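Read the structure below first, then the notes.
One-based numbering along the sequence shown. First listed ligand is number 1; within each ligand, the first listed atom is number 1. Keep in mind it's a predicted model, so treat the numbers as computed, not measured.
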Amino acid sequence: MVKAVVLGAAGGIGQPLSLLLKTNPLVTELALYDIVNTPGVAADLSHIATPAKVEGFLPPDDGLKKALKGADVVVIPAGVPRKPGMTRDDLFKINAGIVRDLATGIATTAPKAFVLVISNPVNSTVPIVAEVFKKHGVFDPKRIFGVTTLDVVRSSTFVSEILGDLSLAPSVTVPVVGGHSGVTIIPLLSQSSHPLPSNLSQDKFEALVKRIQFGGDEVVKAKDGAGSATLSMAYAGAEFTAKILRAVKGEKGIVAPTFVNLSADKTSGDALKKEIGKDLEYFSAPVELGPEGVVTIRPLGKLSDYEKKLVEAAIPELETNIEKGVSFIGSSKL
Ligand SMILES: NC(=O)C1=CN([C@@H]2O[C@H](COP(=O)(O)OP(=O)(O)OC[C@H]3O[C@@H](n4cnc5c(N)ncnc54)[C@H](O)[C@@H]3O)[C@@H](O)[C@H]2O)C=CC1
Ligand SMILES: O=C([O-])CC(=O)C(=O)O
């Protein structure tokens with residue numbers, strides 16, 4: 001029996017993500033929480049002929065607690081998305097408080113659940129969830145994840161486009177490390193499962209790196225005020241959730257890049273800090289998943305000189321983003 005909960009389930013990401021989770025045969029119960037519209041979304045999804053029993057909850061009558069009761073995995077796409085001209089960090093003002101309150105609900109109702117944070121800015125919202133859990137004495141860094149899968153999905157697609165064969169996209173894998181905003185998104189293209197064409201010019205290579213780093217802006221611009229990536233994010237969120245659920249079921253060797261607290265596994269976390277040359281509390285790296293969450297954090301491995309520079313360039317912004325999330329809870333009354 002697996003209960004999955006989506007917080008922010010009526011939104012642009014929440015609805016298609018809930019649809020994809022409803023089609024995951026490992027999910028037997030699906031609870032949808034939002035401040036609006038979840039009864040309708042739940043009724044609609046409940047007609048799909050798959051095992052999950054679907055229920056919708058709203059804030060009145062302790063809806064959040066009821067949705068979270070007995071949760072095994074909680075996915076959070078609640079919060080406002082960007083409009084053109086905004087950075088993810090500009091969302092902090094509104095989303096930090098939303099994520100804090102939802103994390104409080106999880107910490108008090110389902111403290112053992114795996115928490116998958118989609119709400120931006122991920123580099124800050126993940127520390128917010130962790131700090132709330134610390135304040136409630138239930139922090140387990142093995143169970144809290146920032147969802148950076150969309151960066152991995154984009155890399156697979158954009159690399160296959162450069163290779164001139166989109167049918168390769170599902171099998172192209174590129175580790176993407178660091179964080180989830182602009183220069184903190186670091187694609188390790190030298191480790192791509194499918195090497196780039198040897199005659200690719202440096203200009204085209206750098207444009208590819210930029211496109212992966214700023215893929216979110218491409219969608220924000222195209223949607224022209226109507227929000228940011230929702231459908232590709234729902235796909236990515238469902239993929240990452242499926243990996244967590246397969247690992248929980250005992251499948252071995254499941255690895256996914258995700259933004260985690262580096263104390264999740266002390267030995268490998270400390271080794272990663274050495275590799276990046278900085279004592280950061282959080283970093284996105286390929287993580288091996290098991291029934292209890294993080295098993296080990298994989299090393300970045302051999303980097304090109306260009307990639308080493310990308311890591312150096314990411315560190316100051318990551319440090320600031322992480323600190324902003326941590327101190328928000330430090331100063332919050334819970
Ligand atoms: N991690 C990633 O790669 C990505 C993250 N995002 C982020 O995901 C978030 C959601 O994006 P969209 O779905 O496009 O936005 P949206 O506005 O379409 O949906 C957000 C939903 O959250 C709900 N909500 C607001 N406050 C809430 C609360 N206190 N409790 C429960 N639900 C609440 C809203 O009612 C709405 O239904 C944004 O912060 C966006 O930046 C978006 C794309 C990729
Ligand atoms: O760009 C945004 O604001 C949404 C996001 O995180 C992404 O698409 O990667």
Self-check item: Donor on one side chain, acceptor on other, Thr230 and Lys223, under 3.5 Å
Solution: yes
Practice problem: Find out if a path of hydrophobic residues (ILVMFWY) with successive side-chain heavy-atom gaps under 4.5 Å connects Leu262 to Phe133. | Solution: yes
Practice problem: For atom 8 (O) of ligand 2, find the nearest protein heavy atom and state the residue, atom name and distance (0.1 Å precision). | Solution: Arg154 NH2, 2.7 Å
Exercise. Measure from the ring center of Phe259 to the ring center of Phe283 and say whether it is less than 6.0 Å.
Key: no
Quiz item: Distance-only, no hydrogens or angles: does the Lys3 side chain make a donor-acceptor pair with backbone N or O of Ala67 under 3.5 Å?
Solution: yes
Practice problem: May I ask you to identify, for His180, whether its side chain, its backbone, both or neither come under 4.0 Å of ligand 2 on a heavy-atom basis? | Solution: side chain
Quiz prompt | 4.5 Å side-chain heavy-atom contact, Asp265 and Val295 | solution = no
Exercise. Could you name the protein residues that come within less than 4.0 Å of ligand 1, counting only heavy atoms, and order them by chain and residue number?
Key: Gly8, Ala10, Gly11, Gly12, Ile13, Tyr33, Asp34, Ile35, Val36, Pro77, Ala78, Gly79, Val80, Pro81, Leu91, Asn95, Ile98, Leu102, Ile118, Ser119, Asn120, Val122, Val147, Leu150, His180, Ser228, Ala229, Thr230, Met233
Quiz prompt | side-chain hydrogen bond (donor to acceptor under 3.5 Å, both in side chains) contacts touching residues 65-80 (sequence neighbours left out) | solution = none
Self-check item: Numbering as shown, the atoms of ligand 2 that approach Leu150 to under 4.0 Å (heavy-atom distance)
Solution: 7 (C), 8 (O), 9 (O)
Self-check item: Donor-acceptor under 3.5 Å (Ser268 side chain, Arg298 main chain)
Solution: no
Quiz item: Looking at Ala229, which atoms of ligand 2 are within less than 4.0 Å of one of its heavy atoms?
Solution: 8 (O)
Quiz prompt | Minimum side-chain heavy-atom gap Ile322-Ser124 below 4.5 Å | solution = no
Exercise. Tell me which part of Asn120 gets within contact of ligand 2: side chain, backbone, both or neither, using heavy atoms under 4.0 Å.
Key: side chain
Quiz prompt | Shortest heavy-atom approach to atom 5 (C) of ligand 2 - which of Arg88, Arg82, Met86 | solution = Arg88
Exercise. Answer yes or no for Val219: is there a heavy-atom contact with ligand 2 below 4.0 Å?
Key: no
Quiz item: Does the side chain of His180 reach to within under 4.5 Å of the side chain of Ser284, using non-hydrogen atoms?
Solution: no
